Enquirer: 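The following block contains the structure, expressed as structure tokens.
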Number of protein chains: 2
Amino acid sequence: MTPAKPRTRKPVPPPTTAPEPLDSHVLESLVGYNARRAYLVVYVAFAERMAVYGLKPTDFSVLSLLAHNPGATSRQLCAALDIQPPNFVSLVAAMDRRGLIERRPHPHDGRAVGLHLTPAGHQLMVEAEEAVIQLEKEASHKLTDRERETLIRLLQKIYL
Amino acid sequence: MTPAKPRTRKPVPPPTTAPEPLDSHVLESLVGYNARRAYLVVYVAFAERMAVYGLKPTDFSVLSLLAHNPGATSRQLCAALDIQPPNFVSLVAAMDRRGLIERRPHPHDGRAVGLHLTPAGHQLMVEAEEAVIQLEKEASHKLTDRERETLIRLLQKIYL
DNA sequence: TATTGTTATACTCTATAACTATA
DNA sequence: TATAGTTATAGAGTATAACAATA
């Protein structure tokens, strides 16, 4: 067990005087507005906690997919994550340079490249997935386990 | 009633062959991932439908807050919407040029400026709010009214 | 002819430092 | 000394057109 693990909370917020808050009841009745605000909270927590691993949300998503879909191609990953192929190139290149993934020739298609986690990539993802699960738990600590499941189920009814 | 209102649905998707889908069960267990994917769906629907009004989500949020908080200052709006003040300047300038809002001297603070909707701004927002409510209903049509309320309540437990 | 991966590029969004005028 | 609004600017994130290699 890690003794006295370092707090990664924000330092004390600057002692500014808050302005009078506004009535935002209309915005708060919209799914889009609320989904974005909630996402932003998790995103900030992710950025703070995952900086140690040098992973942004998109990097994490790609590596997580590769962990469970070894040999996936750029095309498949782009489709799964809604990323435009041109924007995917530098992403893959950076993780290749870091030694987290490997490109191997595709068995059936000479145009495609199969992507695989390296042992270092696997090891990083074991720690990173654990950290993300923990960070998500903290970011959604006001929800019971049941509520959290419900939330996810309802969100998926919108985008799946 | 408008006869035969023009469909704003996407044209028929190009007949490309989809790649083998990937197993994304880990990502789909994360609040952050699901909130982002769901937000993106609503965002695209918003962009398609609201282009007629020349309003992006942020513009709409600002105008909606001004409709219910006349005389609010830039500082208040930035705080409410989590926008950095420098990024707010061009936003206000554009809506001022369009004649949607007006800047009046603040009654108590010579540094501040009170923002108000013009009659044209009010009229636009009456139509725009109606359009957003309709578009949200369609984007979340797989949810019952009760589920939609639950979803919003749970999202707010994360960010409020 | 269509698809995979790529280059170049542009546009939007977001963040920070520093200035001004008022308080 | 601190705050409201602003300028300039830099960095992400995201989008499209067009190309080479392969199918």
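We name chains A, B, ... by the order of the sequence lines, and we start the count at 1 in each one. Note that the structure is a prediction, hence the values are computed from the model and not measured.
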Enquirer: Roughly, in whole Å, what's the span from CG in L40(B) to C1' in dT14(D)?
Expert: 10 Å
Enquirer: For a quick test of reading the model, state the closest non-hydrogen atom pair linking M125(A) to S64(A) and the distance between them.
Expert: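 Smallest heavy-atom distance, with atoms named: CE-N, 3.4 Å.
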Enquirer: Checking Y159(A) against N34(B): is there a side-chain donor and acceptor pair closer than 3.5 Å?
Expert: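 Yes - a donor-acceptor pair under 3.5 Å links their side chains.
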Enquirer: Identify whether any heavy atom of T58(B) sits under 4.0 Å from a base atom; if not, whether one sits that close to sugar-phosphate; answer base, sugar-phosphate or nothing.
Expert: nothing
Enquirer: Side chains of E130(A) and Q134(A): any donor to acceptor distance under 3.5 Å?
Expert: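 Absent: no donor and acceptor within the cut-off.
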Enquirer: Does a side-chain N or O of Q84(A) approach OP1 or OP2 of dA15(D) to a distance below 4.0 Å, or not?
Expert: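 Q84(A) to dA15(D) OP1/OP2: side-chain N or O found under 4.0 Å.
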Enquirer: Starting from C1' on dG13(D), measure out to OH on Y39(B) and report it in whole angstrom.
Expert: 13 Å
Enquirer: Using only heavy-atom distances, decide whether a donor-acceptor pair under 3.5 angstrom links the side-chain of D109(B) to the base of dA4(D).
Expert: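 In this structure, the two groups form no donor-acceptor pair.
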Enquirer: In whole angstrom, what separates K56(A)'s NZ from dT14(D)'s C1'?
Expert: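 Value for this atom pair: 13 Å.
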Enquirer: Using heavy atoms to find the nearest nucleotide of DNA chain D for N87(B) and G114(B) separately, return the residue whose nucleotide is more 5′.
Expert: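 Its nearest nucleotide being more 5', the pick is G114(B).
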Enquirer: Return the minimal non-hydrogen interatomic distance between P19(A) and Q76(B), and the atom names on each side.
Expert: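 Smallest interatomic distance, heavy atoms only, reads CB-CG, 3.9 Å.
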Enquirer: Rounded to whole angstrom units, what separation is found between the NE2 atom of H108(B) and the C1' atom of dT3(D)?
Expert: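 About 17 Å, once rounded to whole Å.
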Enquirer: Rounding to an integer number of Å, can you tell me how far L91(B) CG sits from dA4(D) C1'?
Expert: 17 Å
Enquirer: Taking only Lys NZ, Arg NE, NH1 and NH2, and the carboxylate oxygens of Asp or Glu, determine whether R148(A) and E136(A) approach each other closer than 4.0 Å.
Expert: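 Salt bridge: yes.
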Enquirer: For side chain to side chain contact (heavy atoms under 4.5 Å, CB included), just list the numbers for L154(A) and T150(A), CA-CA rounded to whole Å, side-chain angles, deciding distance to a tenth of an Å, and then say yes or no.
Expert: CA-CA 6 Å; L154(A) 296 180; T150(A) 301; 3.9 Å; yes
Enquirer: What are the residues of residues 92-105 of chain B, sorted by number, that bring a heavy atom to within less than 4.0 Å of DNA chain D?
Expert: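 Residues of residues 92-105 of chain B that come under 4.0 Å of DNA chain D are, in numerical order, R103(B).
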Enquirer: State which of dT16(C), dT3(D), dA17(D) makes the closest approach to the side chain of R75(B).
Expert: dT3(D)
Enquirer: Whole Å only: how far is the CD1 atom of I83(A) from the P atom of dT4(C)?
Expert: 16 Å
Enquirer: Of A112(A) and R36(A), whose nearest nucleotide on DNA chain C comes first from the 5' end?
Expert: A112(A)
Enquirer: Have a look at V113(A) and tell me which of R75(A), R103(A), E102(A) forms a side chain to side chain contact (heavy atoms under 4.5 Å, CB included) with it.
Expert: R103(A)
Enquirer: In whole Å, what is the span from the OH atom of Y43(A) to the P atom of dC13(C)?
Expert: 16 Å
Enquirer: Using whole Å, report how far CD of E20(B) lies from P of dT4(C).
Expert: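 In whole Å, dT4(C) P and E20(B) CD are 12 Å from each other.
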Enquirer: Check whether the side chain of R111(B) and the base of dT3(D) form a donor-acceptor pair under 3.5 Å.
Expert: yes
Enquirer: Side chain of P86(B), heavy atoms from C-beta onward: which of dG5(C), dT16(D), dA8(D) has the nearest atom to it?
Expert: dA8(D)
